[in-house]
2 protein chains.
Amino acid sequence: MVHDNRAFSEVLDRLREAGLRPTRQRMALCKLLFEKGDCHVSAENLHAEAKSAGIKVSLATVYNTLHQFTDVGLLRQVVVDNSRSYFDTNVTDHHHFFVEADGHLVDIPAEAIDIGKLPKTPPGTNVDRVDVIVRVSPSRRK
Amino acid sequence: MVHDNRAFSEVLDRLREAGLRPTRQRMALCKLLFEKGDCHVSAENLHAEAKSAGIKVSLATVYNTLHQFTDVGLLRQVVVDNSRSYFDTNVTDHHHFFVEADGHLVDIPAEAIDIGKLPKTPPGTNVDRVDVIVRVSPSRRK
DNA sequence: AGAAAATATTAGAATTGTTCTAATATTTCA
DNA sequence: TGAAATATTAGAACAATTCTAATATTTTCT
Ligand SMILES: [Mn+2]
Ligand SMILES: [Mn+2]
Ligand SMILES: [Zn+2]
Ligand SMILES: [Zn+2]
């Protein structure tokens, strides 16, 4: 078995930094999540990916892991669909296209969208974050 | 019992226009939804309001009605929270503040937010709608 | 109006995504 | 290495929503 020790140790560091033990399951999920660039996954989705990659991990652990990673800032949640939660490996400020037809998310860099002014927030509240979701659907064939 | 026959007939018209029979339940829900200005409700929420207004309607009918009204354009859905669906009586183009702490939505008029340019959509797709959600939370007391 | 057809409502069961429980396993560290 | 801490897991529980199929209401047609 050949290891990419570079990426492997990055994953390890990431977990340690976060105060999470680098267990077999967490490392494997880390690799799936972070070794192939920005991605958006649901729990079921990641669980399936894990299974097809030969990783033995329970759905409960997938949920635990996604939440722990979110809590420590390795992931963020994207709310676009009320029947499923999406987790995003891109935790920088950005927005999304959402292709409702196939439940697919595409990043929009923060600087690609300019929100001018915001009206004042409801009394006694502060802005946590601004989410822009551009809902798109397959264009009708010509 | 006193009737506001003006509003009553507006409700009736609205249902007929949509091709939905003006049943007792639908009319009652219409009144709850549309007679007190823009509002954002969940199904449970509306069901509870109905009960406390003395309207006998099942939760299944509340769901049916919310979906039917959405289908014919009397309501729109707002996705802000993956554990509950919100329906909005304001079907004009607008955005939202979402107070996560209490699950409360506040309208932002479309013209209060200016989204400059949009990047081009993913290949083969068209924009359906742009949703801006400004997530806010109660500011810490001074 | 009365009968038949169309549509709506409902209780309760089913489904689905997610969370919880508590028993077992792994990891850490002195 | 052994005790303490933490993690994993199967399966039960949960909560929002949808489905089913029996009953009721509304509309249409004579
Ligand atoms: Mn959490
Ligand atoms: Mn659900
Ligand atoms: Zn993203
Ligand atoms: Zn609104």
Side-chain angles (χ1 to χ4, degrees), chain A residues 8 11-33 40-51 53-72 74-75 77-87 103 105, chain B residues 8 11-32 40-51 53-72 74-75 77-87 103:
Chain A
F8 196 76
V11 166
L12 243 149
D13 289 352
R14 225 157 176 170
L15 289 182
R16 289 240 177 73
E17 244 168 67
L20 294 171
R21 290 178 176 177
T23 62
R24 185 162 36 76
Q25 289 85 343
R26 288 209 272 238
M27 305 238 291
L29 293 177
C30 258
K31 293 186 113 177
L32 283 183
L33 287 167
H40 306 90
V41 297
S42 68
E44 288 283 1
N45 189 326
L46 179 60
H47 186 231
E49 271 187 58
K51 178 174 327 187
I55 297 159
K56 189 182 154 269
V57 60
S58 72
L59 183 57
T61 293
V62 170
Y63 273 106
N64 288 342
T65 302
L66 288 172
H67 285 139
Q68 290 153 351
F69 284 14
T70 300
D71 290 346
V72 304
L74 286 170
L75 293 177
Q77 265 188 276
V78 188
V79 180
V80 284
D81 177 329
N82 58 1
S83 73
R84 192 182 312 280
S85 283
Y86 288 87
F87 294 82
L105 283 162
Chain B
F8 196 75
V11 166
L12 244 149
D13 288 351
R14 223 157 176 169
L15 289 182
R16 288 240 177 73
E17 244 168 65
L20 294 171
R21 290 177 175 178
T23 63
R24 185 164 36 75
Q25 289 86 341
R26 288 209 272 239
M27 305 238 291
L29 293 177
C30 257
K31 293 185 113 177
L32 284 183
H40 305 91
V41 298
S42 68
E44 289 283 1
N45 188 326
L46 180 60
H47 186 231
E49 269 188 60
K51 180 174 327 188
I55 296 159
K56 190 182 154 271
V57 61
S58 71
L59 183 56
T61 295
V62 171
Y63 273 105
N64 288 342
T65 303
L66 287 172
H67 285 137
Q68 290 153 351
F69 285 13
T70 300
D71 290 347
V72 303
L74 285 170
L75 293 177
Q77 265 189 278
V78 188
V79 180
V80 283
D81 178 329
N82 59 1
S83 73
R84 192 181 309 282
S85 283
Y86 289 86
F87 295 82

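A note on names: the letters A, B, ... follow the listed sequences, proteins ahead of strands, and every chain is numbered from 1.
At a threshold of 4.5 Å between non-hydrogen side-chain atoms, the residues B:Gln68 and B:Val72 do not count as touching.
Rounded to an integer number of Å, the gap from CG of A:Leu15 to P of D:dT8 is 10 Å. Counting to the nearest Å, the P atom of C:dT18 and the CD atom of A:Gln77 are 9 Å from each other. We find that NE2 of B:His47 is positioned 15 Å from P of D:dT18, with the value rounded to whole Å. Computed from coordinates, the A:Arg24 CZ to C:dT27 P distance equals 7 Å when rounded to whole Å. Note: CE (A:Met27) to C1' (D:dT8) measures 16 Å, nearest angstrom. Atom CG of A:Leu66 is separated from atom P of C:dT18 by 10 Å (rounded to the nearest Å). Rounded to a whole Å, the NZ atom of B:Lys56 is 12 Å from the C1' atom of D:dT23. Atom CG of B:Asp71 is separated from atom P of C:dT7 by 16 Å (rounded to the nearest Å).
Along DNA chain D, the nucleotide closest to B:Asn64 and the one closest to B:Pro22 are compared, and the more 5′ of them pairs with B:Asn64.
Checking the phosphate oxygens (OP1, OP2) of C:dT16, no side-chain nitrogen or oxygen of A:Arg84 falls inside 4.0 Å. Between D:dA16 and B:Ser83, no contact under 4.0 Å exists linking OP1 or OP2 to a side-chain N or O. One finds a side-chain N or O of A:His67 lying less than 4.0 angstrom from the OP1 or OP2 phosphate oxygen of C:dT19. A:Ser85 has a side-chain polar atom (N or O) that falls below the 4.0 Å cut-off from OP1 or OP2 of C:dT18. Residue A:Tyr63 places no side-chain N or O under 4.0 Å from the OP1 or OP2 atom of C:dT19. Between B:Thr23 and the phosphate of D:dT26, there is no side-chain N or O to OP1/OP2 separation shorter than 4.0 Å. Dashed line: the shortest gap from a side-chain N or O of B:Arg26 to OP1 or OP2 of C:dT9 is under 4.0 Å. Between B:Gln25 and the phosphate of C:dT10, there is a side-chain N or O to OP1/OP2 separation shorter than 4.0 Å.
Interface remark: the B:Arg21 side chain does form a donor-acceptor pair with the C:dA6 base, using a distance-only criterion of under 3.5 Å.
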So B:Phe87 and B:His67, ring-ring contact (aromatic ring centres under 6.0 Å, His included) or not? Walk me through it.
CA-CA 9 Å; B:Phe87 295 82; B:His67 285 137; 5.8 Å; yes
Would you sort out whether B:Leu32 and B:Val41 count as a side-chain contact (heavy atoms from CB on, under 4.5 Å), showing the intermediate values?
CA-CA 10 Å; B:Leu32 284 183; B:Val41 298; over 6 Å; no
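Distance from the side chain of A:Leu59 is smallest for C:dT18 among the nucleotides C:dT28, C:dT18, C:dT9. Closest contact between the side chain of A:Thr61 and the listed nucleotides D:dT8, D:dA7, C:dA11 involves D:dT8.
A donor-acceptor pair is defined here as one N or O able to donate and one able to accept, closer than 3.5 Å; no such pair exists between the side chain of A:Arg16 and the backbone of A:Pro22. Judged purely by atom type and a 3.5 angstrom limit, B:His47 has no side-chain atom pairing as donor or acceptor with the backbone of B:Ala60.
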